[in-house]
Number of protein chains: 2
Amino acid sequence: MVPTFKFYLTGFMNININDVAKLSNVSKATVSAVINNKVGVSEETREKVQGIIRKFNYRPSQVARSLSIKKTKTIGIVIKEIDNPYFARIMRGVFDICSNEGYTVLLGSSELSVSKEVKSLETLVSQRVDGLLVSGLHEESSDSAFISNLIRSNYPLVMLGGIKNFNTNVVTVNNVDAAYNAVTFLLKNGHKKIGYFSGPTNSLQNDDRKEGYRRAFADNDISFQKKYIYDVGSYLGEGYQHGKEIFSSSADKPTAVFCYNDLVAIGLINSLLDLQIRVPEDVAVVGFDDIDFAKYAKTPLTTIHNPAYEVGVAAAELLIKQINQKEKPLTEKVVLDTYLIKRNSA
Amino acid sequence: MVPTFKFYLTGFMNININDVAKLSNVSKATVSAVINNKVGVSEETREKVQGIIRKFNYRPSQVARSLSIKKTKTIGIVIKEIDNPYFARIMRGVFDICSNEGYTVLLGSSELSVSKEVKSLETLVSQRVDGLLVSGLHEESSDSAFISNLIRSNYPLVMLGGIKNFNTNVVTVNNVDAAYNAVTFLLKNGHKKIGYFSGPTNSLQNDDRKEGYRRAFADNDISFQKKYIYDVGSYLGEGYQHGKEIFSSSADKPTAVFCYNDLVAIGLINSLLDLQIRVPEDVAVVGFDDIDFAKYAKTPLTTIHNPAYEVGVAAAELLIKQINQKEKPLTEKVVLDTYLIKRNSA
DNA sequence: TATTGTTTCTGAACCGGTTCAGTGTGCTGT
DNA sequence: ACAGCACACTGAACCGGTTCAGAAACAATA
């Protein structure tokens, strides 16, 4: 009658609410009430049940619970470049909030192909995550019927850095202004030929930064030259490689470069130093993000401080708010501030 | 009769297997067969059902499925220092394998308190992850009844870097040998006073590296001095700060330092340069991990190449193997090789 | 004593899938 | 014409929780 054998037979975690109910001589409804600290259970019964729970190491199945209450207490996150320190820091912010609020985090694909990216979102939805945090969706992905369905149907969703063509919740920083400030700073320092090491072409963040770069020229009555915009990418190696190519050729070269992010900037600086070009005397470099490593780079990096941790926090908070919202949620946009940190590279 | 209204009413993803069954005029068992590509369904029926599925954007609930089949196709991962590039790289390896094998990844706590660490594991178990990947458990956590239960009961579990007092599956690198090689290299270069910037004291990896450091002295008939072992930590800032303290004091200082990891080494190098101490002429520095930044550091870092990505891959593969193993699994130990990369810092 | 009220507890339905024994249909061979 | 057999399909139980109407037990009130 008492299913003790089951425990000893199959080991840890193989006892369920029915077993607990039988062992405690109460109904499973009562056990459920005890588990969830509901009122209407006598102290005596509560203790009896809790004793059994402890004794048999019972741990309620979150999956059964999820099925029943139609909430999984889980959010899905799709981040490209998880090994980019900037995103790692965001993750940390997300994670801290989720932890506090009792959510666990399901990780979706990182930078795979577009088709895999959509698959990954589909998987997360199949897992019935309560909400989705998405960073850097491929542009093409936004064409997928799946994604537009998702957004149209008010599935709780927060984008990091924004996405074209869709009106969703967004957490981002003032990329345009930040870039504007960085480039203005260079202009004020007398630079006229300022390059932009551009990030991924399908990134909205990159578009905004490029826009800020453009505006700085406009507002300072300096005609900006398209040839100084280089498609580079977002990795250390890419910054290094493009730096080497551009600055070892004899063509007309910029005297300063604003970079999409710190990784690229650090790569660039290394390529310049390898080419015996001095930083900042010959070429000034400004990065973006202010990752930890920025101040330890060969030439400590002048860069835009990007509050990655806070972005993660804000995104998680907004998402959880959207999840808890009963009504059709309004789409919100949270924009955090950045500031220029002057170090040695410019 | 036809519950179409439901779809239009509640939006995306609110249709279930019963609805699909009704809309297709078949039983839910048949729908289930179609979803899972089982045989015994006529081509005609299959297409009819698939048509409905597409039309209504039906996506089976993984949570209901999990409850039924008692597998979640999910693994849990608990990693401290997710913003450490070394671990980020591991994550990537884990992720790639899991992706391929159809597993999603649930993230557990990062470096919180001991009690939270155990809580985090408990949460993952409640979520019924099929297996657990754990890195850098606090030493105290291993005392918890929960953890020993977990291990005793053969819950599929793989540790990264090992854990004291328990016999579990482990994926790690040959830390002792690697440290031995690094220190031997320094000894061969004529250094006698070699320091060790030690990592977290509760880390088995750190113990092994320290052991390798010790043995190198023993095998070279040089008496090693305990005073050259400094408790530092695992972060950039910690390396910098301790470097500053140690090398600005007038006491007897080492002429070379082997560091627990690259982050610490880079921090140390920066502190040395700030103190006008030349690297490697005055003090040689060797790191551990070979993170991307290592070669872009102020003094390109001589370090132990640690195959982080491969560690992640091996860990995920081992875990999935354990999950699929019907019998009581044997505990396995996978040890990957490292090698010394000579750059400029030593 | 009968009635009402409170508190504690329970039975059964439900969440959305999977599974499998068994039903029904059509085709084969004799 | 009928046994025998595939094949396609279904009904119902099951996974492990939550929920809630109502039963049972007991106390208080009229």
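Everything numeric here is computed off the predicted structure, so don't read it as measured data. Each chain gets a letter, A, B and so on, in the order the sequences are listed, and its residues count up from 1.
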Distance check needed: [N] [atom2] versus [X] [atom1], whole Å only.
| X | N | atom1 | atom2 | result |
| --- | --- | --- | --- | --- |
| B:R65 | D:dG16 | CZ | P | 16 Å |
| B:N36 | C:dC20 | CG | P | 13 Å |
| B:R46 | D:dC7 | CZ | P | 15 Å |
| B:N25 | D:dC9 | CG | P | 12 Å |
| A:D19 | D:dG16 | CG | C1' | 10 Å |
| B:R128 | D:dG16 | CZ | P | 9 Å |

Sugar-phosphate, base or nothing in reach of B:V26, heavy atoms under 4.0 Å: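 Sugar-phosphate contact only - B:V26 comes under 4.0 Å of backbone atoms but never of a base.
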Tell me whether the OP1 or OP2 atom of [N] has a side-chain N or O from [X] closer than 4.0 Å.
| X | N | answer |
| --- | --- | --- |
| A:T30 | C:dT10 | yes |
| B:N18 | C:dG17 | no |
| B:S32 | C:dT18 | yes |
| B:S42 | D:dC7 | no |
| B:K38 | C:dT19 | yes |
| B:N16 | C:dG17 | no |

From CA spacing to verdict: side chain to side chain contact (heavy atoms under 4.5 Å, CB included), A:I97, A:Y103: CA-CA 8 Å; A:I97 296 303; A:Y103 284 85; over 6 Å; no
Listed in order of residue number, which residues of residues 66-76 of chain A have a non-hydrogen atom at under 4.0 Å from DNA chain C?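 Under 4.0 Å from DNA chain C: A:L67, A:S68, A:K70.
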Which nucleotide, D:dG17, C:dG17, D:dC9, lies nearest any side-chain atom of B:S61?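 Nucleotide nearest to B:S61's side chain: C:dG17.
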Which nucleotide in the list D:dT10, C:dT19, C:dG16 gets nearest to the side chain of B:I17?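 Closest of the options to the side chain of B:I17: C:dG16.
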Just by distance, no angles: are the side chains of [X] and [Y] close enough, under 3.5 Å, to form a donor-acceptor pair?
| X | Y | result |
| --- | --- | --- |
| B:D96 | B:Y309 | yes |
| A:Q127 | A:T74 | no |
| A:T123 | A:S126 | no |
| B:D130 | B:T72 | yes |

Between A:K28 and A:V41, just flag the one whose closest nucleotide in DNA chain C comes earlier from the 5' side.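 This one resolves to A:V41.
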